[in-house]
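Chain A is the first sequence line, chain B the second, and so forth, proteins listed ahead of strands; every chain is numbered from 1.
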There are 2 protein chains.
Amino acid sequence: MHSAGYLANHFARLMAVGLQRRLKPLGLAPAQFMVLLELWDRDGQTQAELVVGLDVEQATMANTLSRMERDELVTRNPSDEDKRVKIIRLTERAKKLRVPAQKAAYDQNMHALSDLDENEQFQLVQLMQRAVSTLKRR
Amino acid sequence: MHSAGYLANHFARLMAVGLQRRLKPLGLAPAQFMVLLELWDRDGQTQAELVVGLDVEQATMANTLSRMERDELVTRNPSDEDKRVKIIRLTERAKKLRVPAQKAAYDQNMHALSDLDENEQFQLVQLMQRAVSTLKRR
DNA sequence: GCATTTTACATAGCATGCTATTCAATAGGA
DNA sequence: TCCTATTGAATAGCATGCTATGTAAAATGC
């Protein structure tokens, strides 16, 4: 009845809605937040690097970045060495969102796991990570 | 870096792509399969019942059912007692897909969990279920 | 050097999922 | 009864994600 696949989908949807609610006051959407996490860690990455970092398809990243450019979260400028490459940089607005946005995500995660003890939280993360690894090879 | 929320999303995406590949030869999409699971168990449910069973928004279910009607998987007929209600019924085509589609889903789940032992598989499902429960109350 | 292949990104088209709104039918209360 | 509230479903509009394809720039092979 409640297979791993169904539960993964259900869990992910509930987490996305929860995070969306918390990020909305900041004018930020969940997928945008994931990109910002990458860029807060290292600004000025290329689109291809973000694709690897977040493991989404190139087309998905291109579209997300378009919306982020529209929302003045990032700029996209061609690299000098290679005109095919676009360098993605944080705007001032995006830099200011770091602390509140990370708090929103932290709160959502804490809420989701609030019925699990420390060890169970660790187990859940570990087990999901191992399933993801299995699915990624191939 | 790899929070529960990120992992849930990643896990769910990988499972959806895997299931999609396996269901494609049957002419079936993942969300359609979930609806069929409900109807194979009990045919002739209303849209509202399917919404409760799968815990998606009413609008999401309406759109999924439109695509399923288009693909000749279900019929939608108004109830006699209450003309607002639509009764959703399986077509012959959908009835025939039951065994191969459930095998596809079973195979995908087995693959995803193939690196975990019996106890770990059980733990993962239990822990996801508990997180889902927490997120649903409220 | 030039043709071919590869790479980086963009675009088209679609499925799934959400929120918000609308519409029609039914139920409930005065 | 009639007016209002509620209910069941459809629709609009959008974000996220996918596959498939197009385009331009760079790299490679002869």
Legend entry - B:Arg70 or B:Asp80, whichever maps to the more 5' nucleotide of DNA chain C: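 Comparing both residues, the 5'-ward one is B:Arg70.
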Legend entry - From CG (A:Leu36) to CG (A:Asp41), nearest 0.5 Å: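 So the CG of A:Leu36 and the CG of A:Asp41 are separated by 12.5 Å.
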Inset, instruction - Output the residues of residues 42-50 of chain A in contact with DNA chain C, where contact means a heavy atom of the residue under 4.0 Å from an atom of the strand; sort by number or write none. - result: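 Correct list: A:Thr46, A:Gln47, A:Ala48.
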Legend entry - Of residues 9-27 of chain B, the positions that come close to DNA chain C - non-hydrogen atoms, cut-off under 4.0 Å: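 The answer is none.
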Inset, instruction - Return the minimal non-hydrogen interatomic distance between B:Ala94 and B:Leu90, and the atom names on each side. - result: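 Reported closest heavy-atom pair: CB-CD2, 3.8 Å.
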Inset, instruction - Write down the atom of B:Thr91, the atom of B:Val74, and the distance for their closest heavy-atom approach. - result: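 What the structure gives for the nearest pair is CG2-N, 3.6 Å.
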Determine whether a donor-acceptor pair (N or O, by modelled atom type, separation under 3.5 Å) exists between the side chain of [X] and the backbone of [Y].
X	Y	answer
A:Thr64	A:Met61	no
B:Gln45	B:Glu38	yes
B:Asp71	B:Leu28	no
B:Gln121	B:Glu118	no

[atom1] of [X] versus [atom2] of [N]: gap in Å, rounded?
X	N	atom1	atom2	result
A:Asn63	D:dT19	CG	P	14 Å
B:Lys86	D:dG8	NZ	P	14 Å
A:Gln58	D:dG22	CD	P	15 Å
B:Ile87	D:dA9	CD1	C1'	13 Å
A:Arg84	D:dA25	CZ	C1'	5 Å
A:Asp82	D:dA24	CG	C1'	11 Å

Inset, instruction - Pick out which of A:His10, A:Gln108, A:His111 makes a side chain to side chain contact (heavy atoms under 4.5 Å, CB included) with A:Met15. - result: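 When A:His10, A:Gln108, A:His111 are each tested with A:Met15, the side chain to side chain contact (heavy atoms under 4.5 Å, CB included) holds only for A:Gln108.
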Legend entry - Contact boundaries on DNA chain C for chain B, cut-off under 4.0 Å to non-hydrogen atoms: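 Endpoints of the contacted stretch of DNA chain C: C:dA15 to C:dT26.
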Inset, instruction - Hey, which sits more toward the 5' end of DNA chain D by its nearest nucleotide, A:Lys83 or B:Val85? - result: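 That would be B:Val85.
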Inset, instruction - Return the 5'-most residue of the pair A:Gln32, A:Glu81 with respect to DNA chain D, ranking by each residue's nearest nucleotide. - result: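 In this pair, the answer is A:Gln32.
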Legend entry - Salt-bridge present (B:Arg76, B:Glu69; N to O < 4.0 Å):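 Here B:Arg76 pairs with B:Glu69 in a salt bridge, since their nearest N and O are under 4.0 Å apart.
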Inset, instruction - Apply the test side-chain contact (heavy atoms from CB on, under 4.5 Å) to residues A:Val17 and A:Arg21: give CA-CA distance (whole Å), side-chain angles for both, the deciding distance (0.1 Å), then the verdict. - result: CA-CA 6 Å; A:Val17 167; A:Arg21 287 223 168 88; 3.6 Å; yes
Inset, instruction - Decide whether B:Asn9 and B:Arg13 meet the rule of one side-chain donor and one side-chain acceptor closer than 3.5 Å. - result: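 A pair is found: one side chain offers a donor N or O, the other an acceptor, under 3.5 Å apart.
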